[in-house]
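Right, one structure below, let's go through it.
By convention in this document, chain letters (A, B, ...) are assigned in the order of the sequence lines, proteins followed by strands, and residues within each chain are numbered from 1. Note that the structure is a prediction, hence the values are computed from the model and not measured.
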Amino acid sequence: MIKANKIEKTYSKTAILTPVLNDITLSIQKGEYVAIMGTSGSGKSTLMYILGCLDKPTKGELELDGVDVYGMDDDALSALRNKKIGFVFQQFFLLERTTALDNVLLPLIYANKYPDDALQRGRKVLAQVGLEDRVEYLANELSGGQQQRVAIARALINDPDVIFADEPTGNLDSQSTAEILDILGHLHQEGRTIIIVTHDRTVANHAQRILELKDGRIAEIKNP
Amino acid sequence: MTRTIRIARESVRMMGRNKFRVFIMMLGIAVGVASLTLMMCVSKGAYERVMDTVNRQGPDLLQIRPGTDIQTGLPSGSREVVSLIEEDVSAILQHVGNIRAAAPVKDRKEIEVIYEDKFTLTRIFGVIPVWAQIRDFGPREGEFISEEDISFAARMCLIGQTVKKNLFGDLEPIGRTIRINNVPFTIKGELQWKGISSAGRDRDNRIVIPITTYTRRLFRDMHLTQIVITVEDTKKLNKTIKDVRTVLRDQHKITSGEPDDFAMRTPQDLIDLAYGTSRSLINLLTGIAAVSLLVAGIVIMNVMLASIAARKSEIGIRRAVGARKNDILKQFLIEGLIVSLFGGLMGMFLGMGGSVILSSLDVTASKITPLAIAAAILTCGLIAVVFGIFPAKKAANQNPIDTLKV
Ligand SMILES: Nc1ncnc2c1ncn2[C@@H]1O[C@H](COP(=O)(O)OP(=O)(O)O)[C@@H](O)[C@H]1O
Ligand SMILES: [Mg+2]
């Protein structure tokens, strides 16, 4: 599903070029549930954005579903994200003062063709995350856990191949954390590929496989 | 639904979430467009008034009067100045090219005219036949003054419409006898209706008689109060004006360095005169329009930039779920267009209202024209694009990962 070969990432913000990622080689199969662990600042998000085609590596090869991603232009990457990738973020990133349903439908706006059954699909994914009775609530009227569930529903609307979740429970209490991890577990059981980024061991333990990021490399590959 | 329509709907939706910001931007545009519209209306109104005057007086007409008002450069019309004589007319006709016709004129204001028991005060003009063509002031009824009338100093006259009304009411005046300054004259025609001049004078309150009769039977004035000239080719007007001036200075033996003892009124003078107060108002409004459009543009740009900073994560999330750079650009441009369209409409109606008020208060001539409306709409579209494109580009080109950081 995902193949990364000798990926390097260097931010050229300051004069000193510090490589954040250094020679990352990994491979993730379809249907796998993988956790990427590491301390804060170790480059987990950077890696996830690169794997999710939101950012480009400085060097290296990246293949997604057998397609070489490295050479694609920005529009092609956008289309790819739209069709094949769902993102969930620590800060939820919903549109404020916008209903749960409209938030969930957002990716369809940028789809090649707007589906006729958009509303049904929106309701369906909201039901999948247990929010069938919150469809018309505004994002800011929902609790943190509920907002994150809307974000997961939004990630699901285009029926993506991979879901990337960057510290999805980082802003949640233990109750909501359990709910979110439960949903991700279910999605995995349905056969979706899930990549979760976290610094929290107990969260990472829900995955099938843990990659640990240290000094810009995949330092350790563990099976829990 | 095409992608662009979907994006336009997003623009509208996001605007609905930020009504205050949108209102501020619209207000900025409205003020700019209002002053632009008003400026266009006022200058159109003023222009029409001027062209009306020039066309009525004739774009090929030169008027020469004795004396000069140093201040305005316009004829003083002072009766004490005796400078123009009939020989000047012959000299001009003889020495200056490009002249179609020239006529001497003598006139006096507030002359007593009586018909039976009716009495009025009017202006008497002594003219020659060609005067009617030069001033485009022929008879409406009856005959104009003929060469014979001139030769015989006939006591014949034509009366203006105001005089007709004052002395005759509904009666048919032609053939009747009136007394001008106690001298009997036979009415041989009625003059065309001309209305009020740009100077506010009633051009129909006049009687026209042969210039010879004027001098021999009414007043002993030897000097002229006017020479009127029409030129052949208006493109050569400036040269003709210069030549006429040279000939007259020569005739009057004015040495170089001395001022003219006559003044010419040209079509350009008429334009200047008619523009009058409007011109400074137009300049003021143009200034205001330019400044306020600039301010509007800057307001839009800054509000947009601020909103982009505030909407960083919105842009980031759109990019993450598959929006292309171009989609973001479109969203912000459409927002700018809608803001300026509605702001522009608001401003246009404000400006048109201002125009109606200005002209009804008689501050200046002002006219709402399709051109003013088109200019207003075009300008606000332009502002939206020019000042909206930079923030929109900025929004679109942000790296999504930077917009998705805490
Ligand atoms: N846009 C950027 N410009 C420069 N440095 C960056 C940028 N984004 C992240 N970094 C740096 O890269 C490192 C890894 O960041 P990140 O991937 O966010 O770490 P993590 O998600 O593991 O906490 C950090 O040291 C961070 O300061
Ligand atoms: Mg991170």
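- Neither the backbone nor the side chain of A:Ile157 comes within less than 4.5 Å of any heavy atom in chain B.
- The greatest number of non-hydrogen atom pairs below 4.5 Å with chain A, out of B:Gly316, B:Ser313, B:Ala323, is found for B:Ala323.
- Inter-residue side-chain proximity for B:Leu404 and A:Tyr49 is flagged as met; some heavy-atom pair is nearer than 4.5 Å.
- Residue A:Asp73 places its CG atom among more than 12 non-hydrogen atoms of other residues, nucleotides or ligands, all under 6.0 Å distant.
- Each of A:Leu54, A:Thr46, A:Leu80 has some count of heavy-atom pairs under 4.5 Å with chain B, and the biggest count is that of A:Leu54.
- Each of B:Arg9, B:Glu10, B:Met14 has some count of heavy-atom pairs under 4.5 Å with chain A, and the biggest count is that of B:Glu10.
- For the pair A:Leu95 and B:Arg17, the minimum side-chain heavy-atom distance is 4.5 Å or more.
- Across all non-hydrogen atoms, the minimal contact from A:Tyr110 to B:Arg6 is N-NH1, 4.2 Å.
- With B:Arg324 contributing its side chain and A:Ser78 its backbone, the two residues share no donor-acceptor pair below 3.5 Å.
- For the atom pair B:Ile401 CD1 and A:Ile50 CD1, the distance stands at 8.0 Å (nearest 0.5 Å).
- Among A:Leu108, A:Asn158, A:Asp55, A:Ile85, the residue making the largest number of heavy-atom pairs under 4.5 Å with chain B is A:Asp55.
- Only the backbone of A:Lys113 comes within contact range of chain B, with at least one heavy atom under 4.5 Å from a heavy atom of that chain.
- No more than 12 heavy atoms of other residues, nucleotides or ligands sit less than 6.0 Å from atom CZ of B:Phe349.
- In this structure a side-chain-to-backbone donor-acceptor pair under 3.5 Å is missing from B:Arg13 to A:Thr98.
- Looking at A:Asp166, neither its backbone nor its side chain comes within 4.5 Å of chain B, counting heavy atoms on both sides.
- Using a 4.5 Å cut-off between heavy atoms, A:Phe87 contacts chain B through its side chain alone, with no backbone atom that close.
- Two residues are said to be in side-chain contact when any heavy atoms from C-beta on lie closer than 4.5 Å; A:Tyr114 and B:Thr2 fail this criterion.
- Separation of atoms CG (A:Asp75) and CG (B:Asp327) is listed at 8.0 Å; rounding is to 0.5 Å.
- At most 12 non-hydrogen atoms from other residues, nucleotides or ligands lie less than 6.0 angstrom from NZ of A:Lys3.
- Counting non-hydrogen atoms of other residues, nucleotides and ligands closer than 6.0 Å to CG of A:Asn112 gives a total of 12 or fewer.
- Residue A:Glu96 qualifies as open at atom CD: its count of foreign heavy atoms under 6.0 Å is 12 or below.
- Atom-to-atom distance recorded for A:Arg97:CZ and B:Asn18:CG is 5.5 Å, nearest 0.5 angstrom.
- Both the backbone and the side chain of B:Arg319 come within contact range of chain A, judged by heavy atoms closer than 4.5 Å.
- Within the 4.5 angstrom heavy-atom criterion, atoms from both the backbone and the side chain of A:Ile109 approach chain B.
- For the pair B:Arg318 and A:Leu106, the minimum side-chain heavy-atom distance is below 4.5 Å.
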